[in-house]
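Every heavy atom of this structure was used, including side-chain atoms; hydrogens, water molecules and symmetry mates were not. Nothing fancy with the numbering, it's 1 onward along the sequence.
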Amino acid sequence: MGVFFLALLLTARYISKRKPKLFWISAAAPLTSVIIATVFVFATKADKHGISIIGHLKKGLNPPSLNMLRFNGSYLGLAIKTGLVTGLISLTEGIAVGRTFASIKDYQVDGNKEMMAIGLMNIAGSCTSSYVTTGSFSRSAVNYNAGCKSAVSNIVMALTVMVTLLLLTPLFYYTPGVVLASIIIAAVVGLIDFPAAYFIWKVDKVDFLACVGAFLGVIFISVQMGLLIAVGISIFKILLHVTRPHTSLQGRIPGTNYYRNIEQYSEATRIPAFLILRIDAPIYFANSTYLKERIMRWVSEEEDRIESENEDTLQYVILDMTAVTTIDTTGVNIVVEVKKILEKRGLQVAMVNPGAGVMEKLRRADLIESLGEDCLYLTVGEAVISYSSTLKEKEQV
């Protein structure tokens, strides 16, 4: 029965897409399916043969319960904790659902307004003993699949639900659960975007893992668990980038004074006696140790390469800090420590174009004088020219 009605709903949607004038077929298909399934179960007594039905539904609306609100009792703390967690998950789900349909229909979602709407909705609902509500993915999908385009559809749906609860609940006694599942599945199937998933796979494998995790979590567990899986994978990705920032070896583009990543620009060449490194992240406690170890590894690898290829001895290490927008106390200490370690190895260190925030922190720590202003340059080209002149003077002496 479930397969039959699922096929019926998908066929109705296919017809409406192929012939827009017949849009009403797709819109009427869910209600028609419910009526046909209910009549069929009632006529054949299919509920006696294993078909699960809705059964008895209590008539009427919830009575006002504002007078039952209490701010004392042994369960107050548990209620607050549960409310915070449930509210956070509901808000995340609601905004995620809103953005999903916003991307499909090309409109904007204001997160602040969504938060206010969900909060006011639950405050009003709590006055009638309503459970926590949010922007339901399944109901939104059904609404979208039926062709609804404005908030008026919610008003119509609310009035219909109210009339149903007051007068029509006995008619749904024999409605089978499979037809309701078919309506939701048919609506959700239309939201699966295979080209978008393939695009995510091509661009970023970790993002694709989050996408698959969310999909499988929603399908086999719950919407909340699917969102938590996706958020968890995304947070892991962020932490990975934060704690292991990108660094690159720079070389000069022939015929110019530009220095770029030698892995990205194959024509970029190394400068003899120089190791030019670019740091592409703020420096703070979470990544400072990694950056120190990575710089030391770059230096050791460069010295090994120079020795194996019998080139000029490494004498200068230039740190391009253009992308370093901020630095904390741990980062300042690491910069000083790296400079001392490299100087003990006979290498001179220069920093290029640190951000305004970085310079301010260095001044507050009184490190500009101790580091030496001769180690600060505006561009990599200036640093290379300055040290090259010094190197020539040494060779002449």
Side-chain angles (χ1 to χ4, degrees), residues 205-206 237 239-325 327 330-355 358 371-372 374-377 379-392 394-395:
K205 301 299 187 292
V206 179
K237 177 184 176 182
L239 291 176
L240 187 64
H241 286 301
V242 166
T243 57
R244 299 176 65 86
H246 180 258
T247 59
S248 60
L249 178 62
Q250 306 287 293
R252 183 168 63 189
I253 304 295
T256 72
N257 202 29
Y258 296 114
Y259 291 80
R260 296 293 184 267
N261 187 348
I262 63 174
E263 294 183 357
Q264 182 178 358
Y265 296 87
S266 58
E267 66 273 21
T269 58
R270 302 170 187 261
I271 306 299
F274 287 86
L275 175 63
I276 306 170
L277 301 176
R278 178 181 171 90
I279 302 173
D280 292 319
I283 303 175
Y284 52 101
F285 73 96
N287 61 22
S288 56
T289 301
Y290 170 80
L291 284 173
K292 173 189 170 183
E293 295 174 352
R294 191 69 187 96
I295 292 172
M296 294 299 106
R297 198 180 312 133
W298 276 116
V299 173
S300 298
E301 291 174 355
E302 183 68 8
E303 288 178 337
D304 293 341
R305 186 193 67 81
I306 289 174
E307 183 178 354
S308 63
E309 297 181 8
N310 198 24
E311 294 183 0
D312 293 340
T313 305
L314 179 63
Q315 298 189 44
Y316 302 100
V317 176
I318 299 176
L319 302 178
D320 185 356
M321 301 177 67
T322 303
V324 181
T325 55
I327 190 171
T330 306
V332 170
N333 293 331
I334 288 295
V335 170
V336 175
E337 189 175 343
V338 167
K339 190 173 187 298
K340 289 181 179 179
I341 293 174
L342 294 180
E343 285 179 346
K344 287 181 180 178
R345 297 173 65 167
L347 302 173
Q348 191 165 347
V349 181
M351 293 184 292
V352 171
N353 195 29
V358 177
L371 291 174
D374 58 334
C375 75
L376 296 172
Y377 292 90
T379 66
V380 174
E382 288 182 4
V384 171
I385 292 172
S386 176
Y387 285 135
S388 296
S389 300
T390 304
L391 186 60
K392 288 180 180 179
K394 290 180 179 179
E395 291 176 351

Next item on the list: Test side chain to side chain contact (heavy atoms under 4.5 Å, CB included) on Gln250 and Ile262 and set out the steps.
Entry: CA-CA 6 Å; Gln250 306 287 293; Ile262 63 174; 5.9 Å; no
Next item on the list: Evaluate the side chain to side chain contact (heavy atoms under 4.5 Å, CB included) criterion for residues Leu319 and Val352: first the C-alpha distance (whole Å), next the side-chain angles of each, then the deciding distance (0.1 Å), finally the verdict.
Entry: CA-CA 6 Å; Leu319 302 178; Val352 171; over 6 Å; no
Notebook entry, point to check: Could you walk me through whether Gln348 and Val317 pass the side chain to side chain contact (heavy atoms under 4.5 Å, CB included) check?
Noted result: CA-CA 6 Å; Gln348 191 165 347; Val317 176; over 6 Å; no
Note to self: For Ser300 and Glu302: C-alpha separation, side-chain torsions, deciding distance, then whether side chain to side chain donor-acceptor pair (under 3.5 Å) applies.
What the structure shows: CA-CA 5 Å; Ser300 298; Glu302 183 68 8; over 6 Å; no
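Sequence neighbours left out, not one pair with a member in residues 245-260 passes salt bridge (Lys or Arg N to Asp or Glu O under 4.0 Å).
In this structure, Tyr258 and Val380 have side chains that are not in contact, with every pair of non-hydrogen atoms separated by 4.5 Å or more. At least one side-chain heavy atom of Val384 sits less than 4.5 Å from a side-chain heavy atom of Tyr259. In this structure the side chain of Leu314 reaches within 4.5 angstrom of the side chain of Val299, judged on heavy atoms. The closest side-chain heavy-atom distance from Thr247 to Leu291 is below 4.5 Å. His246 has its side chain within reach of Asn261: a pair of non-hydrogen atoms, C-beta onward, lies under 4.5 Å apart. For the pair Asn353/Leu376, no side-chain contact is recorded, criterion being any heavy-atom separation below 4.5 Å from C-beta on.
Counted within 6.0 Å of NZ on Lys344, heavy atoms from surrounding residues, nucleotides or ligands total 12 or fewer; the atom is thus considered open. Remark: Glu309 CD is packed, more than 12 non-hydrogen atoms of other residues, nucleotides or ligands lying under 6.0 Å away. Within 6.0 Å of NZ in Lys237 there are more than 12 heavy atoms belonging to other residues, nucleotides or ligands. Applying the 6.0 Å contact sphere to CD of Glu267 captures more than 12 heavy atoms from other residues, nucleotides or ligands.
Of the possible polar contacts, one joining the Asn287 side chain to the Tyr284 backbone as a donor-acceptor pair under 3.5 Å is found. The main-chain N or O of Ile253 is found under 3.5 Å from a side-chain atom of Thr256 such that the two form a donor-acceptor pair. Without hydrogens or angle criteria, Ser386 side chain to Glu382 main chain gives no donor-acceptor distance under 3.5 Å.
Interatomic distance, Ile327 CD1 to Ile279 CD1, rounded to the nearest 0.5 Å: 8.5 Å. Between the CG atom of Leu275 and the CG atom of Leu249 there is a distance of 6.0 Å, given to the nearest 0.5 Å. Atom CD1 of residue Ile306 and atom OG1 of residue Thr313 lie 7.0 Å apart, to the nearest 0.5 angstrom. Glu337 contributes atom CD, which lies 5.0 Å from atom CD1 of Ile334 (distance to the nearest 0.5 angstrom). Note that CD1 of Ile283 is 11.5 Å distant from OG1 of Thr330, once rounded to the nearest 0.5 Å. Remark: Ile276 CD1 to Arg278 CZ distance equals 12.5 Å, nearest 0.5 Å.
Between Tyr316 and Tyr387, the ring planes lie parallel to each other; the angle is under 30°, not in the 30° to 60° tilted range.
For the salt bridge (Lys or Arg N to Asp or Glu O under 4.0 Å) test, residues two or more places apart in sequence or in another chain that qualify with Glu311 are Arg305.
The salt bridge (Lys or Arg N to Asp or Glu O under 4.0 Å) with Glu343 is formed by just one residue from the set Lys339, Arg345, Lys340; it is Lys339.
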